[in-house]
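Below is one structure, written out as structure tokens; the observations come after it.
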Number of protein chains: 2
Amino acid sequence: MTVSLAAAPSCSSCPIRHRAVCARCDDDELVRLNEIKFYKTYAAGQTIAMRGDALDVVASVVSGTATLERAIEDGRTQMVGLLLPSDFIGRPGRATLQYDVTAVSDVTLCCFQRKPFEALLIEIPHVQERLLEMALDELDAARDWMLLLGRKTAREKIASLLMLMAKRTMHPDGQVMGDTSRLELPISRETMANFLGLTIETVSRQFTGLRKDGVIALDGNRVVHIPDLETLLMETGDDSDGGPLI
Amino acid sequence: MTVSLAAAPSCSSCPIRHRAVCARCDDDELVRLNEIKFYKTYAAGQTIAMRGDALDVVASVVSGTATLERAIEDGRTQMVGLLLPSDFIGRPGRATLQYDVTAVSDVTLCCFQRKPFEALLIEIPHVQERLLEMALDELDAARDWMLLLGRKTAREKIASLLMLMAKRTMHPDGQVMGDTSRLELPISRETMANFLGLTIETVSRQFTGLRKDGVIALDGNRVVHIPDLETLLMETGDDSDGGPLI
DNA sequence: CCTGCGCTTTGACCCAGATCAAAGGGGCGC
DNA sequence: GCGCCCCTTTGATCTGGGTCAAAGCGCAGG
């Protein structure tokens, strides 16, 4: 079965083509992927999947923000992945999920049935290659995150989070877009705390501290103005060269 | 050029065939890999590579223990990867290294020139597939590690480390081998501290605490006896099901 | 056998961040 | 416009683990 690219919704219609699964595919390969993909949406706060669930789809985030979290019985929760548009969920070759996946804002996913997706992997080396590249990028990000969790102070953690958000939301394709000084946070204080290995009170206090020191300005509690990125960068504790944080 | 498998040192001679790069290759593919591989050894304490170095080889650990570490100027250091036999170093598609790699004990690496290795990846889908699988396993391990760094207490961190070491050294291929109660630690207190996001003093105190509570017994400072793995597991703070920690 | 050196343990004290508690907002339904 | 609820901020206090300092301890070299 062949499908006209123009007639069907195709990967090239995704706003995330630059980084997602299909980034390197040619038109024919897109048609093949297209045959097995479907979209799914989740409301803010909704659980997308829970630890232990059978994982029979893999997916790419089209819009919105989701989190991967690991919890222990006594309630302690650590975020282990922040999923922004173009990020990938799930892994070919493993049948059950290791983490809780939650929609933080309204989320649209581009899903693929796992079995046919795995079959395609064998036939389309581009996708396999792309997945490896994404997995290794995520691994690098996870390692930077480990440095943050293990060795950074609360203030450095907050500054690092803001830099990360700034990079991801302002330069999604390596290009600066829009006002670089205004940053809209897609996540609550609690989500930040779970991200950073802190409590919400400490997160709040550090925001206040950075505001009082003129490093940031707050507009409501979801919008941050960053007068000078360099000043913020200095607060992160990172080396000058920076490097990828996610 | 074809080489007799018997005549040349081949991947099948590696003691790590069960998990390493070549795990799924057939004999012909092994020959291809064999043509570009070479062994290299490093003495304990030696730096294998530093952050920023050009990365023109990738490698698999044959024997010994190495670490990946990320440091910030003021001396704070966080280990971000513990490389035991069969683990993979480097990533195809990226030219420079993000972390410091250090030999903790004497280390033997099975190396591949990056360029020809990348060329082989395109031709041998098994290897690409295997690399993706390993990267995803490492990612899962990194995420468990993030939970440890962000939310566990010092005692839970030490117990988790001991469980991890026990799993890796006692069950390298999923099978129990040897005395499960005796564990020889391949790393110093300082290395453990960098692993766990603690100081050496805290590591030492927690060892003492676990010893006084009868959870472990110490024999010198590199050998630990674990009378009851279940008791130790309870100290890790992990859910009952456990899951992979590395 | 002594000495020196590096690793480890122990002790005393301190502080960043957790915990417990209470007081702001701000948006939404009525 | 008025409550109500949830999120956030602020305050007061506590404590786990860091910091600083000083002993052990094992072993290599003389």
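To find a chain, count down the sequence lines: A is the first, B the second, and so on, and within it residues start at 1.
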Q. Starting at CD1 of B:Ile200 and ending at C1' of D:dG18, how long is that distance when rounded to a whole Å?
A. 12 Å
Q) Of all the nucleotides listed (D:dT8, C:dG11, C:dT19), which has the minimum atom distance to the side chain of A:Thr199? A) C:dT19
Q: Take the protein atom CZ of B:Arg211 and the nucleotide atom C1' of C:dT10, then report the distance between them rounded to whole Å.
A: 11 Å
Q | Whole-Å gap separating C1' (D:dT9) and CD1 (A:Ile216) | A | 14 Å
Q: Answer yes or no: does a side-chain N or O of B:Ser204 lie under 4.0 Å from OP1 or OP2 of C:dT10?
A: no
Q: Starting from C1' on D:dT9, measure out to CZ on A:Phe207 and report it in whole angstrom.
A: 13 Å
(Q) By nearest heavy atom, map A:Ile187 and A:Arg151 onto DNA chain D; which one lands nearer the 5' end? (A) A:Ile187
Q: Starting from the 5' end of DNA chain C, give me the residue, A:Arg155 or A:Asn221, whose nearest nucleotide shows up first.
A: A:Arg155
Q.
Please find the pair of heavy atoms, one from B:Ile200 and one from B:Ala193, that lie closest to each other, and give the distance.
A. N-CB, 3.8 Å
**Q.** Rounded distance in Å - CZ (B:Arg76) to P (D:dG18)
**A.** 13 Å
Q) Touch check for B:Gly209, heavy atoms < 4.0 angstrom, all strands: base, sugar-phosphate only, or nothing? A) nothing
Q: May I have the distance from A:Leu218 (atom CG) to D:dT8 (atom P), rounded to whole angstrom?
A: 12 Å
Q) In whole Å, what is the span from the CE atom of A:Met192 to the C1' atom of D:dT9? A) 13 Å
Q | Side chain of B:Glu201 - closest among C:dT10, C:dT8, C:dT19 | A | C:dT10
Q.
Measuring from the side chain of A:Leu198 (C-beta onward, heavy atoms only), which nucleotide among D:dG17, C:dA18, C:dT10 has the closest atom?
A. C:dA18
Q. What are the two closest heavy atoms between B:Leu149 and B:Phe195, and how far apart are they?
A. CD2-O, 3.8 Å
Q) Taking atom P of C:dG26 as reference, at what distance in whole Å does atom CZ of A:Arg222 sit? A) 15 Å
Q) Are the side chain of A:Lys40 and the backbone of A:Thr108 linked by a donor-acceptor contact shorter than 3.5 Å? A) no
Q: Heavy atoms only: give me the nearest B:Arg70-B:Arg51 pair and the separation to one decimal.
A: NH1-CZ, 3.3 Å
Q: Cation-pi check, B:Arg155 to B:Phe207: give yes when NZ or CZ is under 6.0 Å from the six-membered ring centre and within 45° of the ring axis, no otherwise.
A: no
(Q) D:dG17, OP1 or OP2 - any side-chain N/O from B:Arg205 closer than 4.0 Å? (A) no
Q: Would you tell me if any nitrogen or oxygen in the side chain of B:Thr202 comes within less than 4.0 Å of OP1 or OP2 on D:dG18?
A: yes
Q. Considering only D:dT8, D:dG17, C:dT9, which nucleotide approaches the side chain of B:Gln206 most closely?
A. D:dG17
